[in-house]
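Just below is one structure, and these are the notes that go with it.
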Amino acid sequence: MLIAHSGHWAVTVSYLAPVAGFFIWLGFVTVRQRRQDRAREQGPDS
Amino acid sequence: MVLLAHAGDLAGGRSDLPIPEQLFGVAAAVVLIVSFIGLAVLWPTPRLEQGGFRAFPRAVSRVLLSRPVAVVCGAAGVFLLGLVVWSGLTGVQVASANFAPTFVYVVFWLGLVPVSLILGDVFRALNPWRAIGRAVAGVASFAARGPLPAPLSYPERAGHWPAVAGIVAFALLELVASNGTEPETVAIAALVYSAATFVAMALYGVEAWCDRGEAFGVYFNLFSRISPLARRGEEIGLRRPLSGLSGLRTGPGTVPLLAVMIGSVTFDGASEAPLWTGIVPDVNDFMASLGLSPEQALEATFLVGLIGAIVLVYGFYRLGIAGARSVGGSLSGERLAKLFAAALVPIALAYVAAHYMTYLVFQGQAMSFLASNPLGRDGVDIFGTAGNAIDYSVLGATAVWYWQVAFVVVGHVAALTLAHDKALVIYDDPTLAVRSQYWMLTVMVGFTCLALLLLSQSNV
């Protein structure tokens with residue numbers, strides 16, 4: 001059933017692709033910023 | 001209603017688009033990213049908080065705010081409310097031939113949105129319940145030969161919750177109830193709402209209730225805050241567009257109200273999409289298995305869909321707020337949700353404009369013959385226009401699509417601008433302000449893509 005209607009799902013997924021891309025980007029940015037914050041906090045001692 | 005909301009299809013398919021429809025979502029996301037960068041670079045300080053109000057010449061304000069104008073506008077509102085009730089109760093019980101359904105669902109509910117956007121809060125002047133409440137209070141005060149006892153103070157914790165209840169009730173009537181478009185149902189709903197409103201006005205005062213609790217007053221006021229036209233005290237003038245939303249008094253129920261506004265349109269759009277129509281039979285069968293009649297089962301199915309859409313919108317916004325909260329700062333998630341709530345208003349506007357544009361343009365034309373024959377009786381032709389018909393050729397399907405995309409993109413850029421301006425106010429650290437806006441940008445892209453998906457799916 002899922003495969004039979006893959007055309008519909010593919011169109012839906014293609015519309016939501018920018019949102020998925022943004023969440024991936026946000027995850028990347030968040031991890032990078034946390035690393036930077038941690039490095040800044042630890043910086044003077046190390 | 002759903003059928004007519006997409007009457008643009010009747011004018012032909014959108015086969016002449018230069019790129020696949022899906023790419024419009026990507027293009028819209030790019031526009032938002034460029035806007036985000038532009039705001040970060042070119043908008044370093046808050047600009048919408050002050051508003052830059054410039055009053056019109058005093059004579060203009062004096063005329064527009066005069067008692068005769070208020071009386072005429074209020075009387076017009078009361079007349080139209082009366083006409084809805086009268087035609088709904090005594091006219092033919094055919095939705096397309098009776099004045100009441102088309103007036104309530106098209107002229108009032110949809111037509112007042114662009115009017116509010118352009119002219120400001122005109123519904124406040126036209127509000128029939130406010131007009132009747134003020135008139136009754138004036139007569140009662142005259143009869144009592146003195147001021148009336150002060151009403152109860154409006155409970156702060158109620159916030160916008162009464163408006164939420166009113167808009168949900170309207171959405172249930174419009175999108176869930178199987179008899180929601182029957183003229184008699186519309187008339188009875190108007191009477192029930194009027195009675196509830198008069199009781200609330202008697203308890204909390206006419207102005208307090210219209211400002212916070214009266215659902216339609218609150219609804220149109222939110223859109224009017226985008227308008228460059230505004231009233232300040234006894235003056236009418238121009239302000240920066242969107243600046244009215246900076247001063248929005250958010251409180252309990254404000255975010256849920258906006259979630260209902262966006263979610264109900266989302267559901268109306270999704271109700272035609274394969275995503276929803278594919279699961280309706282299964283949900284319907286489940287409801288029927290609970291012992292509901294076929295009609296009740298379908299209503300319950302649509303109720304589930306409506307609630308699901310509202311929860312989805314609310315949840316997505318709160319996800320963005322949780323992300324903004326995670327970047328730091330001392331504000332709680334609840335506080336941030338209220339502070340950024342105004343950014344949802346242009347999104348709600350974009351959803352309404354994009355989804356219902358064709359409905360308003362096509363079905364709005366029906367008023368020319370319904371006004372001439374409000375009861376739908378044979379042989380009645382008051383203005384000589386009863387024989388008019390709807391011209392579906394005024395808008396082509398491709399033009400509709402471009403307008404819809406434009407509404408969606410402009411609405412979300414406006415939302416991004418509001419959120420950016422607010423972030424500059426509430427964060428001391430500019431870095432935190434920018435980081436918080438990464439999340440709001442994601443929320444905007446999400447709502448943009450959802451809107452375009454629904455618009456495209458409704459035409460499948």
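Convention: sequence-line order gives letters A, B, ...; per-chain numbering from 1.
- Nearest heavy atoms, B/Gly446 versus A/Val19: CA-CG2, 3.7 Å.
- For B/Thr277, the side chain to side chain contact (heavy atoms under 4.5 Å, CB included) partners at least two apart in sequence or on another chain are B/Pro274.
- For residues 29-44 of chain B, a heavy-atom distance under 4.5 Å to chain A picks out B/Ala29, B/Ile33, given by residue number.
- Residue B/Asp282 places its CG atom among more than 12 non-hydrogen atoms of other residues, nucleotides or ligands, all under 6.0 Å distant.
- Every residue two or more places apart in sequence or in another chain that forms a side chain to side chain contact (heavy atoms under 4.5 Å, CB included) with B/Val280 is listed here: B/Trp276, B/Thr301.
- Of the atoms belonging to B/Ser326, heavy atoms from both backbone and side chain fall under 4.5 Å from chain A.
- Within 6.0 Å of CZ on B/Arg318 lie more than 12 heavy atoms contributed by other residues, nucleotides or ligands.
- Neither the backbone nor the side chain of B/Phe447 comes within contact range of chain A, judged by heavy atoms closer than 4.5 Å.
- Contact annotation for residues 432-442 of chain B against chain A (heavy-atom separation below 4.5 Å, listed by residue number): B/Arg435, B/Tyr438, B/Trp439, B/Leu441, B/Thr442.
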